[in-house]
Amino acid sequence: MSVEHQEIFEHLRRYTPFNTLPDDTLAHVAQQVEVSYFKAGTQILTFGEEISDLYFIRSGAVELYRRNGDLFNRLSEGDIFGQLGLLIGKRVRFPAKALEDTLIYFIPEPVFTELFERHEQFADYVEVADKNRLRQAVSRRRDANELMTSPVSKMISREPVVLPNTATVWDAARIMTEESVSSLVIIGQDNRHPDHHHLSSAGVVDQQHMVGIITDRDLRTRVVAPGLPLDTPIAEIMSTDLITVNDTDYVFEAMLAMLRHNVHHLPVLRKRRPVGVIALSDIIRYESQNSLFVVGSIFRKHSVEELQSLSGEVRASFVRMVNEDANSRMIGSAMAVIGRSYKQRLLELAEEKLGPPPIPYCFLALGSMARDEQLIVTDQDNALILDDRYDPALHSAYFKQLATFVSDGLAPCGFTYCTGGIMATNTQWRQPLTVWKQYFTEWIDKPTPETLLHSSIFFDLDGVWGKTEWVEELRSLIAARAVISKRFLASMAINALNRTPPLGFFKDFVVEHDGKHNQWINLKRRGTAPLIDLIRVHALAVGSTSQNSFDRLDDVIEAAVLPLGRGPDLRDALEFISMVRIRHQALSIEEGKEPDNNIEPDKLSHFERRNLKDAFQVLSNAQKYLKFKYTRAG
Amino acid sequence: MLYLGPDKQSATVPDWPIHLAKLAEQAQDPRLQQFYQAGAITADTPLAEVPFVALDFETTGLNPALHGILSIGLVPFSLQRIRCAEAQHWLINPRKHLEEESIIVHGITHSDISNAPDLDSILADLLDALAGRIVVVHYRQIERPFLDTALKSRLREGIEFPMVDTLELEARLHRNRQAIFIDKLLRRPHTSIRLADSRARYNLPYYQQHHALTDALATAELLLAQVAHRFSPDTPIGELWV
């Protein structure tokens with residue numbers, strides 16, 4: 001006798017792949033379900049044990065691990081696991097542990113097998129789910145990084161507590177205690193702008209009332225420690241270098257802003273009005289194992305040797321992000337923040353050693369770091385902009401030493417010397433702002449094969465230290481000039497066609513367009529790099545000042561210079577190829593091998609091959625269009 | 001009726017295997033004889049080895065003397081697995097007036113029960129499903145008293161069996177809040193609110209209530225959660241049963 005399990009039936013029906021089944025089939029499944037409860041922390045499956053059910057998470061959360069103990073996936077209500085074990089050898093492939101109190105519905109193996117054999121959609125889903133997490137990355141599916149991809153507004157629990165700048169530190173301490181907050185937003189009594197404007201990736205502060213912020217740490221370090229009186233005006237000790245985020249920014253971006261500027265509290269703005277403050281501790285509470293804490297460690301190191309010791313941690317962060325299904329943008333930005341932090345810390349150390357700089361300067365990051373697309377295998381492309389008062393006789397020695405200190409410091413930390421000599425140690429790339437402007441103007445006006453190569457490196461630029469506002473000037477110059485320079489754009493377009501993707505794969509070979517077979521493919525040279533080059537040309541043509549390829553693509557799509565639908569295709573192609581490349585590097589690190597960009601086709605899943613082929617096709621078509629659009633005669 | 005604390009309770013718990021053996025000799029109805037002959041596990045049996053069956057009744061009211069059984073749901077389980085495939089559910093004729101008020105609660109209407117069988121005709125199947133198992137209920141004052149009364153009126157003999165009451169297990173934990181507990185006891189028919197509350201404490205999902213089968217499943221899950229958090233698979237059943 002069988003009875004209707006309405007509750008189970010209704011619940012299963014809400015989730016893929018069960019929602020693909022006919023009602024009578026699903027009712028039968030619901031009747032066969034078995035149930036068990038796992039307290040948080042309990043091992044649910046151990047590697048290699050026999051498995052005789054499909055596991056459906058009715059409530060709670062479960063973590064799956066690799067054999068080496070690394071996190072493989074994190075699942076929650078409505079997810080299934082164990083299917084791979086059921087399909088292959090009836091043994092557990094990924095050990096599972098209850099992250100929260102978890103109720104599991106077991107679907108016995110005979111029922112699972114019948115569904116798998118009779119229902120194609122069900123079979124497709126369970127086959128794909130575990131093997132190809134890449135699709136999740138591209139389609140930005142629900143993932144373990146839910147918090148990081150949530151808007152900042154989700155983390156604001158209350159309005160900011162504000163205090164006028166005429167108040168005393170004693171007032172501040174009392175209010176903070178009464179309200180149990182660790183920070184106060186300080187507002188001006190008049191409409192005076194804050195003393196300093198600060199540019200950040202998170203936005204320009206232009207808050208007419210908000211003039212500062214103080215934190216409980218400020219009270220400790222700036223009031224109590226130096227022994228200031230309690231009636232000290234708060235205006236004297238508050239931070240006025242305001243870094244802020246918008247409430248629609250991602251938590252991930254807020255965290256990067258905090259780490260980048262080494263602050264623990266960020267005012268959150270909505271339409272330029274402060275609506276809350278988020279603290280690093282708020283984020284940590286949700287994300288205790290965050291991949292980015294290594295940034296904090298960088299700023300606590302006191303020598304090149306100490307910095308070098310962090311290389312393992314940086315790699316571990318990279319792998320962790322990959323395993324947590326972060327997308328290429330998050331990984332690229334995070335690694336770029338880590339890279340910038342190295343440079344910033346090395347420059348602090350250099351200034352400690354050499355003394356303060358005789359004239360202002362700006363240290364530049366170029367290429368992938370500037371684009372927020374840095375991965376684990378990277379070289380150091382950098383340069384120095386010097387104040388126009390630069391006098392070689394007086395200042396050359398200082399900045400040469402500074403550049404050498406940074407360059408020699410970066411090398412052992414995993415940022416190999418640039419073989420093309422694009423480093424601030426090279427006199428040519430250590431010049432006053434005026435000279436840089438001349439360089440860029442000349443490169444755009446009179447392109448030569450050599451300067452075109454320079455353009456593709458130097459036109460992805462970011463200020464990491466010092467007078468970063470100079471970078472804005474240079475970016476504006478490039479954007480304004482390139483857009484009207486047909487010859488330059490045509491030359492850049494031709495350059496962007498130098499590297500082409502292969503046709504696809506056959507058995508364990510890479511198939512070239514001429515039918516030749518290769519043993520492996522360099523996914524950077526044949527995939528991401530030509531895509532990035534191509535996107536850069538379009539971006540320059542529409543006057544975009546964005547640096548990140550995805551941002552540039554947004555600008556290009558908005559300017560409507562691409563045929564309809566091609567922009568999103570390019571975005572998917574870039575994301576997919578990037579993620580295959582990233583996963584490959586993470587896997588190499590996990591296997592104790594040196595990561596590179598060369599991939600052998602037999603390391604690719606069926607799914608990856610199929611989708612890579614599609615991505616190559618997108619790139620190939622986009623290259624044809626690029627050629628057509630920018631290099632036509634007349 | 002009031003909860004008096006575990007010590008006073010345990011004094012009233014019989015030695016179930018001996019008691020059931022005695023009842024097996026006294027019983028007149030062959031179905032009851034067979035039920036008692038299946039016996040009970042001994043008090044020192046660890047929970048991990050206990051065969052359980054979660055049982056839930058929907059009734060026309062709270063008082064066994066005045067109200068009748070409308071539906072019965074049961075799900076056999078062990079500490080390892082709850083087995084839905086072996087679950088059973090019956091609608092039965094309560095032989096009592098079905099009041100509008102209770103219809104609102106359980107959704108079982110006059111037409112649903114007009115063709116429903118009498119308890120007598122499904123009793124063999126019911127007792128067969130319970131035999132040899134430890135019955136698990138949420139709030140002990142419903143299932144055993146109602147079944148006992150219903151059998152007395154039909155067979156002129158009642159029924160007894162060992163039970164685990166998940167509500168009582170919760171009460172043990174929340175003893176210091178006895179007043180709240182008494183309030184709960186004196187509330188309107190059904191203990192379902194209490195069941196949902198208890199489940200929420202163990203992060204169990206919300207289930208639609210007042211369906212005997214779902215409530216039985218909900219009760220079984222609650223016991224698994226209680227054991228996982230507060231007891232161990234080695235705890236002897238004697239510490240839990242009543």
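Lettering of chains follows the sequences in order, A, B, ..., and the numbering in each one begins at 1. Note that the coordinates shown come from a computational prediction; the quantities given were computed from them, not determined experimentally.
- For A:Phe38, no part lies under 4.5 angstrom from a heavy atom of chain B.
- Using a 4.5 Å cut-off between heavy atoms, A:Ala40 makes no contact with chain B at all.
- With respect to chain B, the highest number of heavy-atom pairs below 4.5 Å among A:Thr42, A:Ile104, A:Asp53 belongs to A:Asp53.
- Only the side chain of A:Ser59 comes within less than 4.5 Å of a heavy atom in chain B; its backbone stays farther off.
- Of the charged side-chain nitrogens involved, at least one lies within less than 4.0 Å of a carboxylate oxygen, so that B:Arg31 and B:Asp120 count as a salt-bridged pair.
- Considering only heavy-atom pairs separated by less than 4.5 Å from chain A, the leading option among B:Val227, B:Leu217, B:Leu204 is B:Leu204.
- Using a 4.5 Å cut-off between heavy atoms, B:Leu224 contacts chain A through both its backbone and its side chain.
- Contact of A:Ile8 with chain B is made through the side chain alone, with heavy-atom distances under 4.5 Å.
- Under the 4.0 Å criterion applied to side-chain N and carboxylate O atoms, B:Arg199 and B:Glu221 are assigned as salt-bridge partners.
- By the 4.0 Å N-to-carboxylate-O rule, A:Lys97 lies too far from A:Glu63 to be salt-bridged with it.
- Between B:Glu170 and B:Arg230 there is a salt bridge, since a side-chain N of the basic residue sits under 4.0 Å from a carboxylate O of the acidic one.
- Looking at B:Leu79, the atoms closer than 4.5 Å to chain A (heavy atoms on both sides) all sit in the backbone: N, CA, C or O.
- A:Phe94 has its ring centre no less than 6.0 Å from the ring centre of A:Phe81.
- Between B:Arg172 and B:Glu168, at least one side-chain N (NZ, or NE/NH1/NH2) sits under 4.0 Å from a carboxylate O, which counts as a salt bridge.
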